[in-house]
Amino acid sequence: MIRILVELDAENRLLSFEAAGHANYGARGCDIVCAAVTILLRTTVQALSSVEADVRAEKRGNLQFRVLRSDDEQAERLRYAAEFLWLGITSLQEEYPQALQCKKIQR
């Protein structure tokens, strides 16, 4: 199972996310759930390339993203990224509950 934790600030801006595990829905290299989660996570990271962040993918099946510093210009981008990521992973969780579990923390 893939477990994803998304952390937002009080203004719904993305602070961090962590993803770990494998969906085990299909064969390695052919798992549609893993592929969908990977696309969502990578696109979020790429969309936030202008934000100073710590991004780690220490092993296959793990990705961590943490905002280190942002400014007012990036606030809306962080809000949109949080909404994009949350909508994407929760829709996948609804369709594949045995393969994906997500949780949101609001600070």
Side-chain angles (χ1 to χ4, degrees):
M1 176 174 285
I2 300 172
R3 288 180 170 70
I4 300 175
L5 176 63
V6 177
E7 182 182 12
L8 309 178
D9 70 7
E11 296 176 15
N12 293 315
R13 294 178 293 208
L14 184 65
L15 294 173
S16 69
F17 68 77
E18 297 178 20
H22 296 281
N24 298 315
Y25 186 77
R28 184 176 178 179
C30 299
D31 191 317
I32 60 172
V33 179
C34 279
V37 169
T38 299
I39 289 167
L40 285 168
L41 297 176
R42 285 184 179 181
T43 301
T44 302
V45 169
Q46 289 174 346
L48 295 175
S49 63
S50 64
V51 175
E52 187 177 341
D54 180 29
V55 182
R56 296 178 188 204
E58 295 174 350
K59 63 182 182 176
R60 188 177 172 104
N62 287 41
L63 180 61
Q64 298 173 343
F65 174 91
R66 179 165 304 281
V67 174
L68 298 175
R69 185 180 9 220
S70 65
D71 57 33
D72 290 339
E73 289 180 28
Q74 296 163 332
E76 194 58 34
R77 183 174 289 251
L78 288 165
R79 254 189 232 83
Y80 180 78
E83 182 178 0
F84 167 85
L85 181 60
W86 188 249
L87 287 172
I89 61 173
T90 56
S91 68
L92 284 171
Q93 179 181 253
E94 287 173 15
E95 194 167 347
Y96 304 99
Q98 72 283 13
L100 177 66
Q101 182 181 62
C102 52
K103 181 179 178 183
K104 180 168 44 174
I105 296 174
Q106 190 122 23
R107 303 262 179 222

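Every value quoted in this text rests on a predicted model; they were computed, and no experiment measured them. As a basis for the values below, the full set of heavy atoms in this structure was taken, side chains included, without hydrogen atoms, waters or symmetry mates.
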**Study point:** Worked verdict on L92 versus I2 for side chain to side chain contact (heavy atoms under 4.5 Å, CB included)
**Key:** CA-CA 11 Å; L92 284 171; I2 300 172; over 6 Å; no
side-chain hydrogen bond (donor to acceptor under 3.5 Å, both in side chains) filter on E18, not counting sequence neighbours, yields none
Report whether [X] and [Y] are members of the same hydrophobic cluster (ILVMFWY, side-chain heavy atoms less than 4.5 Å apart, transitive linking).
| X | Y | result |
| --- | --- | --- |
| V55 | L48 | yes |
| L40 | V45 | yes |
| L100 | I32 | yes |
| L78 | L15 | no |

Checklist entry - Are the side chains of L41 and L85 in touch, meaning some heavy atoms are under 4.5 Å apart? => result yes
Notebook entry, point to check: Hey, are the side chains of L14 and V51 touching, using non-hydrogen atoms and a 4.5 Å cut-off?
Noted result: no
Residues 3-16 vs salt bridge (charged side-chain N to carboxylate O under 4.0 Å, His left out), sequence neighbours excluded, gives E7-R66, E7-R107, D9-R13, E11-R13, E11-R79
Salt bridge (charged side-chain N to carboxylate O under 4.0 Å, His left out) pairs touching residues 44-59, sequence neighbours excluded, are E52-R69, D54-R56, R56-E58
So, for [X] and [Y], which heavy atoms are closest and what is the spacing to 0.1 Å?
| X | Y | result |
| --- | --- | --- |
| D31 | V33 | OD1-N, 3.0 Å |
| T44 | A81 | CG2-CB, 4.2 Å |
| L63 | A57 | CD1-CB, 4.0 Å |

Under 3.5 Å, which donor-acceptor pairs link side chains of residues 22-29 to any protein atom two or more places apart or in another chain?
unit_1, atom_1, unit_2, atom_2, d
N24, ND2, H22, O, 3.4

Sorted by chain and number, sequence neighbours left out, side-chain contact (heavy atoms from CB on, under 4.5 Å) with S50 holds for Q74, R77
Checking E83 now: which residues fulfil side-chain contact (heavy atoms from CB on, under 4.5 Å) with it, not counting sequence neighbours?
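By the side-chain contact (heavy atoms from CB on, under 4.5 Å) rule, E83 matches L87.
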Residues pairing under ring pair (Phe, Tyr, Trp, His ring centres under 6.0 Å) where one sits in residues 57-86, two or more places apart or in two chains, turn out to be F17-F65
- Task: Please assess Q93 against Q101 for the test side chain to side chain contact (heavy atoms under 4.5 Å, CB included), listing each intermediate value before the final yes or no.
- Result: CA-CA 6 Å; Q93 179 181 253; Q101 182 181 62; 4.2 Å; yes
Hey, could you give me the CD1/NZ distance between I89 and K104, rounded to the nearest 0.5 Å?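 Separation between the atoms: 9.0 Å.
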Review point. Judged by atom type as modelled, is there a donor-acceptor pair below 3.5 Å linking the side chain of S91 to the main-chain atoms of G88?
Key: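 Such a contact is found between S91 side chain and G88 backbone.
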Residues joined to I105 in its hydrophobic cluster, side chain to side chain under 4.5 Å directly or through other members, sorted by chain and number, are L5
